[in-house]
There are 2 protein chains.
Amino acid sequence: MSLKYAVLAALLEGEASGYELSKVFDISFANFWPATPQQLYRELERLARDGLVEARFVQQERRPNKRMFTLTEAGREDLRAFAAEPPRRPTAIRDELLIKLQAVDDPEAARAMIEERMTWARGKLGRYERVRERLLDGRTEDAYLRESDRVGPYLTLLAGISFEEGNLRWCERVLAVLKQRVAQG
Amino acid sequence: MSLKYAVLAALLEGEASGYELSKVFDISFANFWPATPQQLYRELERLARDGLVEARFVQQERRPNKRMFTLTEAGREDLRAFAAEPPRRPTAIRDELLIKLQAVDDPEAARAMIEERMTWARGKLGRYERVRERLLDGRTEDAYLRESDRVGPYLTLLAGISFEEGNLRWCERVLAVLKQRVAQG
DNA sequence: AACACCATGTAAGCAGTTACATGATTAG
DNA sequence: CTAATCATGTAACTGCTTACATGGTGTT
């Protein structure tokens with residue numbers, strides 16, 4: 001049910017193709033609602049059938065043809081109603097690393113996994129920082145908040161940043177604990 | 001595939017019934033691998049069929065009968081192998097609130113949702129703190145880490161705490177941004 | 001009297017994943 | 001020459017959610 005609204009929300013940024021949306025759901029939206037291309041193509045089909053988005057066929061010469069999707073007024077209204085209601089279900093996290101860590105008996109293997117996660121988190125923070133700069137576009141946060149009509153994308157970006165920072169802090173903590181365990185055998 | 005190992009990891013704590021596991025997956029494990037009772041009953045069935053857990057029927061007098069499950073040596077071995085491999089898929093988060101926030105056009109509604117999340121996060125932190133005290137059992141962290149044979153449960157607990165603290169910090173940030181927006185209409 | 005807890009399970013349906021297919025274009 | 005990008009889609013499968021059912025016990 002929520003994927004539907006995630007797609008509608010993504011289309012608030014403007015017209016997009018399924019392929020373009022699959023990039024968005026693999027990068028920025030992946031931070032709170034990941035989806036594979038196949039999910040998106042199916043969802044867009046449904047949304048078009050229900051009149052919440054409008055599809056426009058675009059013929060291209062040196063590229064495969066594509067369909068561009070836009071929110072309809074009905075889609076906008078449906079999304080608005082959804083956004084006004086409090087969430088029904090709590091945040092769900094699925095993290096394989098934590099299962100492994102729960103069961104771990106080899107501190108060295110654990111350490112390696114944590115290091116990898118840290119590298120990954122740092123990379124993600126860097127990419128977030130660049131998105132932030134693109135949004136702010138030289139302005140201060142204050143100026144940006146005054147001038148932009150939508151705050152949503154900025155707030156979800158902050159969530160991503162906050163999450164990865166927390167991740168890093170936790171990783172440091174885990175490394176310290178593991179080191180102590182190894183030190184005493 | 002991962003639910004399987006989450007269940008095996010949960011059984012490292014000792015024999016448990018499907019019902020007991022459903023509590024665990026609704027509270028502590030929910031922080032990194034939520035599962036409904038129905039998922040668990042099916043998974044336990046499969047694990048028993050594959051010889052990774054052993055089922056023992058327990059007749060009770062003033063309660064419904066139950067089946068208690070224990071890890072077999074094969075199950076332990078399978079879990080050990082899983083825990084030694086690096087994770088295949090990145091952390092997946094599904095958070096309805098962030099979809100709503102991405103689309104939000106009513107700052108007052110947004111503020112209410114954030115307040116609710118904060119209340120919820122504080123509650124969760126409180127419960128984590130109590131779990132921590134039960135684990136430490138009067139000892140310092142150092143002493144606990146020296147004496148306990150498994151660190152896993154403590155590390156995943158720290159992850160939960162870290163996550164909710166980050167959540168709270170982010171909520172504060174969002175409130176500040178929203179306040180600023182409202183102040184200027 | 002009404003509700004929550006204990007303890008399991010079936011059935012149906014929806015959501016998400018994986019594999020495969022197509023075929024030209026562009027970058028290394 | 002190889003791999004990645006663009007752009008879509010079908011099919012088969014696995015995983016997850018929701019509704020319902022049972023029926024005694026303990027709590028407010």
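Lettering of chains follows the sequences in order, A, B, ..., and the numbering in each one begins at 1. The shown structure was predicted, so the numbers you read here are calculated from the model rather than taken from an experiment.
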Could you tell me if A:T91 and B:R117 have a donor-acceptor pair between their side chains, going purely by distance under 3.5 Å? yes

B:E116 meets the salt bridge (Lys or Arg N to Asp or Glu O under 4.0 Å) criterion, sequence neighbours left out, with none

Contact check, residues 76-83 of chain B vs DNA chain C, heavy-atom distance under 4.0 Å, returns none

Rounded to whole Å, CZ of B:F25 lies from P of D:dT17 at a distance of 13 Å

Between CE of B:M68 and P of C:dC6 the distance, given in whole Å, is 13 Å

Worksheet item: Okay, side chain of A:K4, backbone of A:L47: is any donor-acceptor separation there less than 3.5 Å?
Response: no

Sorted by chain and number, sequence neighbours left out, ring-ring contact (aromatic ring centres under 6.0 Å, His included) with B:F163 holds for A:F163

Atom CG of A:L44 and atom C1' of C:dA15 are separated, to the nearest Å, by 16 Å

With sugar-phosphate taken as primed atoms, P, OP1 and OP2 and all else as base, the protein-contact string of nucleotides 9-16 of chain D at under 4.0 Å (heavy atoms; B, S, -) is BB----SB

Handout entry: Phosphate OP1/OP2 of D:dC6: any A:Q60 side-chain N/O under 4.0 Å
Key = no

Separation of C:dC5 atom P from B:I27 atom CD1, nearest Å, is 11 Å

Axis-to-axis angle across the helix from C:dA1-D:dT28 to C:dG28-D:dC1, five pairs each end, nearest 10 degrees, ~ 60°

Practice prompt. Indicate yes or no: at least one non-hydrogen side-chain atom of B:E20 is less than 4.5 angstrom from one of B:M68.
Written response: yes

Residues passing the ring-ring contact (aromatic ring centres under 6.0 Å, His included) test with B:Y5, sequence neighbours excluded, are B:F82

Sidechain N-carboxylate O distance under 4.0 Å for A:E129, A:R132: yes

Once base and sugar-phosphate atoms are separated, protein heavy atoms under 4.0 Å mark nucleotides 22-28 of chain D, 5' to 3', with B, S and - as -B-SS--

The single option from A:L79, A:V7, A:L8 that satisfies side-chain contact (heavy atoms from CB on, under 4.5 Å) with A:L52 is A:L8

In numerical order, the residues of residues 6-24 of chain A whose heavy atoms come under 4.0 Å of DNA chain C are none

Residues passing the salt bridge (Lys or Arg N to Asp or Glu O under 4.0 Å) test with B:R80, sequence neighbours excluded, are A:D105, B:E73, B:E77

- Is A:E45 salt-bridged to A:R49, cutoff N-O under 4.0 Å? no

Run the salt bridge (Lys or Arg N to Asp or Glu O under 4.0 Å) check on B:E108 and B:R111 step by step: do they pass? CA-CA 5 Å; B:E108 177 45 38; B:R111 201 198 47 74; 2.8 Å; yes

Heavy-atom nearest pair, B:R94 first then A:P34, reads NH2-O, 2.7 Å

B:Q59 atom CD is separated from C:dC6 atom C1', nearest whole Å, by 16 Å

N/O donor-acceptor pair under 3.5 Å between B:T156 side chain and A:Q102 backbone: no

Residues passing the ring-ring contact (aromatic ring centres under 6.0 Å, His included) test with B:F25, sequence neighbours excluded, are B:F29

Sorted by chain and number, sequence neighbours left out, side-chain hydrogen bond (donor to acceptor under 3.5 Å, both in side chains) with A:E15 holds for A:R56

Residues pairing under salt bridge (charged side-chain N to carboxylate O under 4.0 Å, His left out) where one sits in residues 156-171 of chain B, two or more places apart or in two chains, turn out to be none

